[in-house]
Amino acid sequence: MRLLHPRPQRPARAALLGLLLCALLPAGSARPAAPDTDAAAFLARLEGAWQTRDLEGWLALWDFSSPEHKAFEEETVRIAFSSDETVLNFLRRPAPPEGAKRFGADVQVFAATEPRAQVSYWRLEAERRAAGWAIVSRQEAGQVDGLVHLSLGPRAWRARGVSLRLEDFELRMEDGTLYATPEALGPTAFAFVGRARVHFSPLPPSEREQLRQYSGRPALDREIAWAFIRLHPADFHRALETGKLEPETNPGPRRSEAERVWRERSQRSFTIDAPLPRSPWWLMPSPGDAIVDFPWGRKRVLTFALSSGEPEDVNLFDRDRRYQICTYPSGGRAPRYSEDDRRMVDVLDNDITARFDPERLEVLATHSMRVKLLSPTSTLRLRLHDDFRVASVTTEEGGSLLFFRVRDQGNLVVSLGPLAGREEPFTLTTRYSGRHDPAPVDQELVQVSAPGGVNYADEAFIDRPPFVYSNRTAWYPRPPNEDFATARVRIESPAGWLGVAGGELVSLRTEGGRTRAEYRLEQPGKFVTALVGRLADVGLRQEGEQAVRGFAGPRTRGETLDQMRAAQEMLAFYAERFGPSPYPTLGLVVAEGETPGGHSPPGLVYLQVRPPVLRSRSLPEDPSNFSDLPGFFLAHETAHQWWGQGTAPANYRERWLSEAWAQYCAALWLRERLGEGAFRSMMDRMARWATRYDSSGPIHLGQRLGHVEQDGRVFRAVVYDKGAWVLHMLRGIVGDEAFFAGARAFLKRFRYAKAGTEDLRVALEEASGRDLRPYFERWIYGTGLPVLLWSSRTEETDGGFRTSIDVRPQGLPGPLPLQLAAVTAAGSEARTVIVGTEGGSWTIETRQKPRRVTLNDDRGLLARVARVPAPPQR
Ligand SMILES: [Zn+2]
């Protein structure tokens with residue numbers, strides 16, 4: 001396993017369009033033939049009437065309740081039949097049993113009148129009458145409109161000194177020709193050819209730094225020769241200085257270049273990839289949305305996009321390289337939100353029965369998810385890896401449900417039908433199977449990157465680590481964002497293999513060459529993990545409320561027993577500081593792997609240890625490599641049960657609430673267990689990493705740190721190590737009692753819930769009565785570490801020595817405690833003072849003459865400390 005580079009969790013714009021597509025795709029699975037032959041014939045007549053645009057034939061299939069009803073239907077169908085092309089499909093062909101009195105049919109109706117089209121989704125109800133089947137009602141069940149065919153029209157404007165202005169962005173067309181779509185569509189897509197200047201200067205400093213990492217400068221400003229633009233027609237006059245446009249009298253010369261730009265770019269923005277007649281179709285952008293493509297150097301094209309539906313709506317992409325360079329909220333709004341703010345559904349419980357065949361990486365599973373709709377919705381979009389083929393989606397309350405998969409998007413979209421407005425919880429059961437190799441985990445993980453490949457096949461003395469089916473890939477259907485839910489997991493594997501999930505082991509037995517284990521997670525967890533490996537249960541350790549059950553690999557039984565004891569001690573240590581563990585029954589899997597590391601899903605800790613044969617190999621320096629400090633990995637992972645699992649970060653920017661806390665908890669544990677020396681060693685190394693990468697971006701850039709540079713160390717140095725230091729300094733500011741009381745209050749308030757930086761700040765402020773905003777602004781939302789310039793002078797006094805220490809800080813966000821010490825042959829005389837932003841002078845009295853004077857020896861402050869010559873004596 002290796003650590004993948006962190007990447008932004010938000011999908012690119014193209015993926016968002018998938019949501020719209022889902023309703024368009026026909027159902028995948030075939031159904032048994034209809035036993036009711038009358039119904040089959042009726043459906044064939046219905047299709048035939050539509051296909052031949054036989055209005056009278058269509059109306060003859062109906063039994064109308066009133067003349068108005070008939071008139072309305074006639075008008076609707078007349079419009080559809082007058083289009084250039086119309087197609088009616090059954091989403092699933094109804095097959096009512098013999099003797100049925102009524103049935104429903106879900107249909108998709110496509111209608112195109114060039115250059116526009118729309119797709120309607122209807123539910124038809126049919127009832128048996130004396131003369132045979134008749135349609136009695138038609139309900140609208142959603143539609144996708146605004147589908148258009150784009151083309152470059154004949155018209156063109158001369159653009160001289162004309163600007164297109166969007167948030168933080170300007171395209172100034174110095175001299176050139178602007179070609180546009182035909183009048184029938186309105187001005188929505190444009191190709192500009194000539195001489196223009198593109199300027200993009202993001203408002204947030206951290207976004208300017210990301211841009212600098214990508215382009216070498218904090219703002220884009222460059223001359224370009226072409227641009228491709230998409231807008232809503234209503235924005236044409238608002239965003240563009242249209243008053244300055246003049247008709248182009250000679251559009252010919254630049255026309256072929258404009259057509260090249262059009263061919264290369266027009267298919268890539270707001271395009272629908274769906275099996276519709278006359279595809280491809282484009283969507284009309286929503287008002288306020290926009291896309292501008294422009295060249296960057298010889299080979300690259302950058303895309304500036306405004307996407308009003310997103311919490312962070314201003315974006316700059318390098319789509320070819322899949323770099324999300326900038327993304328932030330418009331209007332100077334702070335990027336503080338929860339990814340759950342617009343969710344449609346709350347998952348209450350996951351129930352998974354899965355059969356794993358690890359030799360062939362095959363999974364056959366049934367997943368039942370108890371959900372509550374938070375707002376009425378006709379479709380539910382879930383994530384499920386494309387490796388899996390879905391056999392059925394059913395519900396006790398609504399029978400068999402329609403489902404769709406959108407190509408290459410890892411989506412499973414379920415049409416809820418009659419459950420669309422249901423207020424009570426209901427259960428969705430999905431049966432699926434496939435060959436799936438789970439990717440390495442990327443959250444609540446600490447692992448050192450591997451020095452070089454180990455071939456497990458060749459080195460027979462090394463166990464293959466277990467397969468970890470966790471949150472990295474969707475190995476069971478789940479909403480787009482992690483969702484706290486209880487879980488029951490039954491895992492079947494070949495004998496000799498064992499599947500482990502979080503929570504309590506309810507039963508375990510091996511018979512007929514198969515091992516079956518069942519787990520119950522009584523407390524809500526963000527996701528379900530299954531670890532499948534050559535593992536064995538080594539028993540349960542119960543200490544007070546906390547139980548730890550160990551699972552060992554073939555050679556790790558002894559080590560597992562040791563680690564279980566250590567885990568119990570750590571859990572007790574954390575419980576004392578942070579309150580009871582969110583998951584009182586914890587599984588602990590200890591297995592061998594090429595590099596040491598771990599992963600911490602809810603109610604489960606996976607610890608990877610190096611086999612003896614590899615332990616002498618050195619590991620690369622890394623911001624998360626403290627493998628020389630025994631217990632570090634386990635201490636980090638167990639802390640995640642509180643930080644990251646019991647309470648989760650509200651979005652990708654808030655990862656430090658998980659990782660910085662886990663890292664700091666590990667440091668506290670090492671101090672407890674190994675003493676002050678181990679603690680200081682860890683704090684010093686974290687300080688070096690934090691100092692080295694601080695300027696790369698603020699902690700609050702979260703998983704985007706290092707994305708543009710493709711260097712995962714940046715993320716770990718800033719989020720893990722600088723984050724741990726920030727917690728340490730906050731603790732120094734508010735004092736131990738308020739710090740831990742605030743942390744406990746925060747965890748209690750957000751137990752089994754998501755939280756953000758502001759929630760932590762408020763909790764610590766309430767516990768301490770201090771205003772911590774300046775510290776959070778500088779350390780979490782900003783960059784820049786303090787510098788302490790200091791000097792000292794010692795003079796002899798009656799019976800001793802007086803040392804004066806003068807401290808001049810730079811970049812201190814507010815008052816902070818600082819330890820000053822004078823070291824003599826008799827020992828160290830230390831005092832802790834509060835340094836304000838202006839600095840100050842303090843004295844230390846000693847009996848003997850100090851050999852040296854030190855600052856910050858207790859590692860209270862993350863700062864660059866530099867001694868300067870003392871000012872001349874007065
Ligand atoms: Zn971690």
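One-based numbering, in listed order, for ligands and for the atoms of each. Along the sequence shown, the residues carry numbers beginning at 1. FYI, side chains are in, hydrogens and waters are out, and symmetry mates aren't considered; it's all heavy atoms of this structure.
For the Zn ion (ligand 1), the N/O/S atoms of Glu637 include none lying under 2.8 Å.
Taking the N/O/S atoms of Glu659 in turn, the shortest distance to the Zn ion (ligand 1) belongs to OE1. The Zn ion (ligand 1) lies closest to atom NE2 when only the N/O/S atoms of His640 are considered.
Trp725 meets the ring-ring contact (aromatic ring centres under 6.0 Å, His included) test with His728; sequence neighbours excluded. By the side-chain hydrogen bond (donor to acceptor under 3.5 Å, both in side chains) test, Arg685 is found to be paired with Asp628, Ser681, residues two or more places apart in sequence or in another chain being considered.
For the side chain to side chain contact (heavy atoms under 4.5 Å, CB included) criterion with Thr647, the lone passing option out of Phe746, Trp661, Phe578 is Phe746.
The environment of Glu545 atom CD is sparse: at most 12 non-hydrogen atoms of other residues, nucleotides or ligands sit within 6.0 angstrom.
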